[in-house]
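Below is one structure, written out as structure tokens, with a few remarks after it.
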Amino acid sequence: MKAIRRFTVRTHLPESIAGLSRLATNLRWSWHPRTKELFRDLDPQAWSESNQDPVALLGSFDRHRLTELAADASIVARVQDATSDLDRYLTEDRWFQQDFIGASGGPGGDIPTPRPIAYFSPEFGITAVLPQYSGGLGILAGDHLKSASDLGVPIIGVGLLYQSGYFKQSLSRDAWQMESYPVLDPDNLPLMLLKEEDGAAAIVRLPLPSGRTLHAQVWRADVGRVPLLLLDSNVPANDDTARSITDRLYGGGGDQRLQQELLLGMGGVKALRLYARLTGTEVPAVYHTNEGHAGFQGIERIEELMSAGLDWETALTSVRASTVFTTHTPVPAGIDRFDRSLVEQFFRAGLAPSVPLEHVLALGAEDYEGGTPGVHNMAVMGLRLGQRANGVAQLHGEVSREMFKGLWPGFDADEVPIGSITNGVHAPTWVSDTVSARAIELFGTSAVSGHDWQRVFDVPDAELWELRRTLRCALIEDVRSRLRSSWRKRGASEAELAWTDSVLDENVMTIGFARRVPTYKRLTLMLRDPERLKRLLTDPEHPIQLVVAGKSHPADEQGKLMIQQMVRFTDDADVRHRIVFLPNYDIQMASTLMPGCDVWLNNPLRPLEACGTSGMKVAMNGGLNLSVLDGWWDEMYDGENGWAIPSASSAASTEERDDVEAAALYSLLENELVPRFYGAEPSDQAGAAGPSDASTDGLPHQWLAMIKHTMATLGPATSADRMVQDYVQELYLPAGRAGRMMDADDYARARELASWKTRVRAGFGSVIVEHVDSLGVAEEPQVGDEMQVSAYISLGQLSPEDVRVEAVYGRVTTKPSGVLEEDTLADTGALELTPAQDLGDGRWQFTGSLVIDRSGAFGYSVRVLPQHELLASLAEMALVVNAG
Ligand SMILES: *Cc1c(COP(=O)(O)O)cnc(C)c1O
């Protein structure tokens, strides 16, 4: 019978165990083993049936069971203990309060009570019970919030609540990816609806074309100390189309995607305002957009200022100062781009009515060399709206500067104002509970929360090897059960599946490869020479085994074909006991897979992997990385913490490149990894003197030494605590300061900077470097010689205070430039020249004395740049006049 009405009945807990409800709704339980154990011990079977979901677990108890629990003194004591621990965690001073703004008043000593930082992301991967992510970007956002919470950094997350999240993956009999979209009921999720004082849902509204309105309610998740606001368009006030705007993550076409992003950005700012009003808290001081999707947040904030009477330039100046933009991908297909006409159509419906439309469109225009007309590029808009921007690893910073240098014409790529902060992972989430429990037993403290990673050197080899084996066994058990259930879905009968009980071997070197399946990650590179891989898998003495997983975006046929090719290989009866593909890669699978792998394989097409984080999670658990030198590995590989697969970037074709890199991968496995894992050193095989490593106690000591070195060095370096601290110090604090300065005294400095910018932009076209002299250079100059540089510059309407004139000097290299050759400067330094003489008519002589600091081909040039103390970089305005 069809139900005509539906209610969600929330479990009402007896007084003595009422704390369970807060423990279940604050997601801190997900990275706090003691709280997790408490839930498990309430009813181990129900815990496992609920898929380790505290809200579902509590909902599964009937009144009788609840009364029993409430009368159990030991449970009651544990609930009280856990709730007071949570209270302490939520209120005590942590890193941000103690060490950062603490006694010294913090760097600069002028931090008032800090206002929060808003962190926008289209996806958040926090726990399996809130499946609102597709891959690395979302997991990173989740880890960012968790570490911010642990560190006491006042962040507020802003995202969307998708009714079906991302899809669930299964396989058809012939190995084709199948997608399903189970619908989530927000009432059964650890979420609270944001409500007005009268109890009605607080609503965010955006105008849509044809007089329609998009309404969204706002859910709040508590990630430890960090509130996460999630906008949800599935409300009765919407028509059906508007209701389904937040139905799926990365589903739908451009039109739906644009509406999701308008809701995330503009609606997100409105949600922050609602939240501040309803909780009596301060509005954020800094706005950080994780990738370009939330870029419209800047437009909404400009609208707030312009509707209060500020002009465009002043409003933009103020908003830019407090905005941080992080770019996450050098893959062009990964960058959000819309038809400009579509953006125009939506804004004409009445979004940001005080902001002139041409300004909105100009922010996303690809009006630079190599750009496409008619496109609204969200990354470009992010860079134009954020005074501070970064990539997510050192190499990615470099690649991003090159990729976006068209926005700063006249500047070399290394001057493009995009820095980098390398991603990290949240250790308490990703270090297996088995490892942290052992650390507590051995050292009385979980090494991971104490940052005391060096302690791993105190663990005896035998003990560490046994721990690794325990983790491998747990993985194997999980693999077998997942494989069975996958084969059942693929239509196999129980009788056919006996073989799955003995899949994988607890003594065999286990390699993992799991991630999303875009082409550049090259899921199938290992299949380049299938016979060679087969030999490795089936070696009678020293085999390897592989666990593979990954989802392909539903619209990506190429990715699905790669999965099919992989699954067909794993279906082969000759190898199926040594290589498996597990469907539906997610946080839950990752939490057993990553600790269980001895080796983590990563073979993207360099340099397309911006950072990559899964290898970090593996390293924290004592696995070793075997990876192309891309993303984080490019800066953290040190020769002793794993292996580098060489890149054949100069190969003639991608085919050839794949051949060469796959061959290098196989040979590393055959010659380096396998012998070392099984306790023989490669040099032993070559007949070197000395006893074989394994001959004494059967332990692979060299492998274990690599594990210890990896955990001790990569543990702290790859931690999200390090990442969040970097963001606070390098970006949030300066952005907060700049924003505060701009806005003080009724936006006095923003007005000043804005009118200065307008004047300088208008006048800069007439700046000319007329003539440059150098005096005092000998016929054959020597290192240490000084020369007097004199530049005659026409500044037109500008004055010397508006500009910085500098001599840029360095090593000269000659590069082909078309048919000619051109001298260019490398390893440059800059010397500021000072005004020496007013020559009248806006003409000035600038001088300085330049010390020749190197031998060989030396050269210099002179350039003029706008200069103002409130600019964050010399390239910020993308204006420069170079001599010659
Ligand atoms: C860590 C993680 C990712 C990101 O992995 P990359 O190495 O960055 O590709 C994706 N999915 C899940 C489930 C993860 O845990």
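One-based numbering, in listed order, for ligands and for the atoms of each. Residues: numbered from 1 along the sequence shown. Note that the structure is predicted; figures quoted are calculated from it, not measured.
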Enumerated ligand 1 atoms positioned under 4.0 Å from heavy atoms of Lys617: 1 (C), 2 (C), 3 (C), 14 (C), 15 (O)

Nearest-0.5 Å distance that lies between atom CG in Asn26 and atom CG in Asp222: 5.0 Å

Trp703 and Trp643 aromatic ring geometry - parallel, tilted or perpendicular at 30°/60° bounds: tilted

Check: Thr613 N/O within less than 3.5 Å of ligand 1 N/O: yes

Subset of ligand 1 atoms that lie under 4.0 Å from at least one heavy atom of Ile587: 13 (C)

Arg515 neighbourhood, listing ligand 1 atoms whose heavy-atom distance to it stays under 4.0 Å: 9 (O)

Asp556/Arg516 salt bridge by N-O under 4.0 Å criterion: no

Flag for Asn290-Thr326: side-chain donor and acceptor within less than 3.5 Å: no

His144-Tyr119 aromatic ring centre distance below 6.0 Å: yes

Subset of ligand 1 atoms that lie under 4.0 Å from at least one heavy atom of Trp430: 15 (O)

Top protein contact for atom 7 (O) of ligand 1, by heavy-atom distance: Ser614 OG, 2.4 Å

Under 4.0 Å to a heavy atom of Ala590 - the qualifying atoms of ligand 1, by number: 15 (O)

Side chain to side chain, Tyr637 and Leu629, heavy atoms closer than 4.5 Å: yes

Those atoms of ligand 1 less than 4.0 Å from some heavy atom in Lys521: 9 (O)

Option from Ile126, Ile155, Val158, Ile156 for which side chain to side chain contact (heavy atoms under 4.5 Å, CB included) with Leu228 holds: Ile126

Identity and distance of the protein heavy atom lying nearest atom 4 (C) of ligand 1: Gly136 CA, 3.4 Å

For Asp586, atoms of ligand 1 separated by under 4.0 Å from a heavy atom: 13 (C)

Distance filter under 4.0 Å to Tyr585 heavy atoms, resulting ligand 1 atoms: 2 (C), 10 (C), 11 (N), 12 (C), 13 (C), 14 (C), 15 (O)

Side chains of Leu189 and Val55 in contact at under 4.5 Å (non-hydrogen atoms): no

